[in-house]
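Values in this document were obtained by computation on a predicted structure and should not be read as measured data. Numbered from 1 within each chain, the chains take letters A, B, ... in sequence-line order.
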There are 2 protein chains.
Amino acid sequence: MNAKTKATSSVEFAKALADPTRQEIMILICCREMSVGDIVEAVDVSQPTVSHHLAILRDAGLVRVRNEGKHTFYSLNQGKVVVCCGNLIEVFAPQSEVTEMITDTSALEK
Amino acid sequence: MNAKTKATSSVEFAKALADPTRQEIMILICCREMSVGDIVEAVDVSQPTVSHHLAILRDAGLVRVRNEGKHTFYSLNQGKVVVCCGNLIEVFAPQSEVTEMITDTSALEK
DNA sequence: CATTCACATCGACAACCTTCGATATAACTC
DNA sequence: GAGTTATATCGAAGGTTGTCGATGTGAATG
């Protein structure tokens, strides 16, 4: 387990994903950095609402944040998603083949 | 994809997991069948509340239900958990090694 | 067939969440 | 330093969710 990355509980992880707007934002920043303004333009909610959702994703450790002058760039932490999903599978599907795979190998360690 | 199993959206899946009582129930019935009464005894909420949570898990396709006389037995659908988590990883971590694994092989098909 | 048992459903209430407009903050610009 | 731009925070409104007691329902039981 990486010490830098705060451990996110399964409930907190699920709550962070439990909103369509948040999932939409997550897809936008999944594979690239985006400024808050760019995200606001891409989704159909106000700027404060986008900031609010980004704060929730930040608190869950699901996004990386980088400040550059006036702009703040967000990007999704894909590794965190993998780790949290791995936790879910370990806890709620301990008898599945996938669980054997992810507990045997250290595929989720990074 | 199994035609019997209704496709659960990632938002619906996340919402189903986004409550500690529900996750507690999911762990209880993860690897065994339990009647509603047994679940009520094991958790610290009322019987109507347990029924309510079971209904949400049922609507999300996350539990199997079996009636036997007066009793109703619930058990977790581990395969569904694996499939839904696989979907999350594919969508939100497309560049991870795990995504290559689960898209290359058909490990999630059952 | 009246009673009991197991569970689901209903109605109400409180807590929480999403959303917005308004405002604060912090950084560039002229 | 006054103005502008980008983002965060605040406060309120409205919707959703979790919880409970009360009640409905359907199956076993005597």
| Listed nucleotide nearest any side-chain atom of A/Q47, set D/dT7, C/dC20, C/dT19 | D/dT7

| Of all the nucleotides listed (C/dC7, D/dA8, D/dT19), which has the minimum atom distance to the side chain of B/V36? | C/dC7

| task | State whether the side chain of A/R58 and the backbone N or O of A/H53 hold a donor-acceptor pair below 3.5 Å, judged by distance alone. | result | no

| message | Heavy atoms from C-beta onward define the side chain here; which of C/dC7, C/dA6, D/dT19 lies closest to that of B/K70? | response | C/dA6

| request: Determine whether B/F73 and B/R64 make a side-chain contact, defined as any pair of heavy atoms from C-beta on separated by less than 4.5 Å. | output: no

| said: If we ignore hydrogens and angles and just use 3.5 Å, is the side chain of B/R22 paired with the main-chain N or O of B/K15 as donor and acceptor? | reply: yes

| Would you find a donor on one side and an acceptor on the other, under 3.5 Å apart, between the side chain of A/Q78 and the backbone of A/C30? | yes

| message | As a test of reading the structure: which of D/dT19, D/dT7, C/dA6 is closest to the side chain of B/H71, going by heavy atoms? | response | C/dA6

| query | If you check every side-chain atom of A/T72, which of C/dC7, D/dA8, C/dT18 has the closest atom? | reply | D/dA8

| request: Remember a base hit wins even if backbone is also touched, and classify A/F73 as base, sugar-phosphate or nothing at under 4.0 Å, heavy atoms. | output: nothing

| note | Testing D/dT19, C/dT19, C/dT9 for proximity to the side chain of B/H53, the answer is D/dT19

| note | Applying the Watson-Crick and G-U criteria (both distances under 3.5 angstrom) with [ ] for crossing and | for other-strand pairs, one obtains for DNA chain C ||||||||||||||||||||||||||||||

| field | Among C/dT9, C/dC20, D/dA8, the nucleotide that comes nearest once only the side chain of A/V45 is considered | value | C/dC20

| request: Look at all strands and tell whether A/I56 reaches a base, only sugar-phosphate, or nothing, counting heavy atoms closer than 4.0 Å. | output: sugar-phosphate

| field | Proximity to the side chain of B/T49 - top-ranked nucleotide from D/dG18, C/dC7, D/dC20 | value | D/dC20

| said: What is the separation between atom NE2 on A/H52 and atom P on C/dC16, rounded to the nearest whole Å? | reply: 13 Å

| Rounded distance [0.5 Å steps], OH in B/Y74 versus CD1 in B/I29 | 9.0 Å

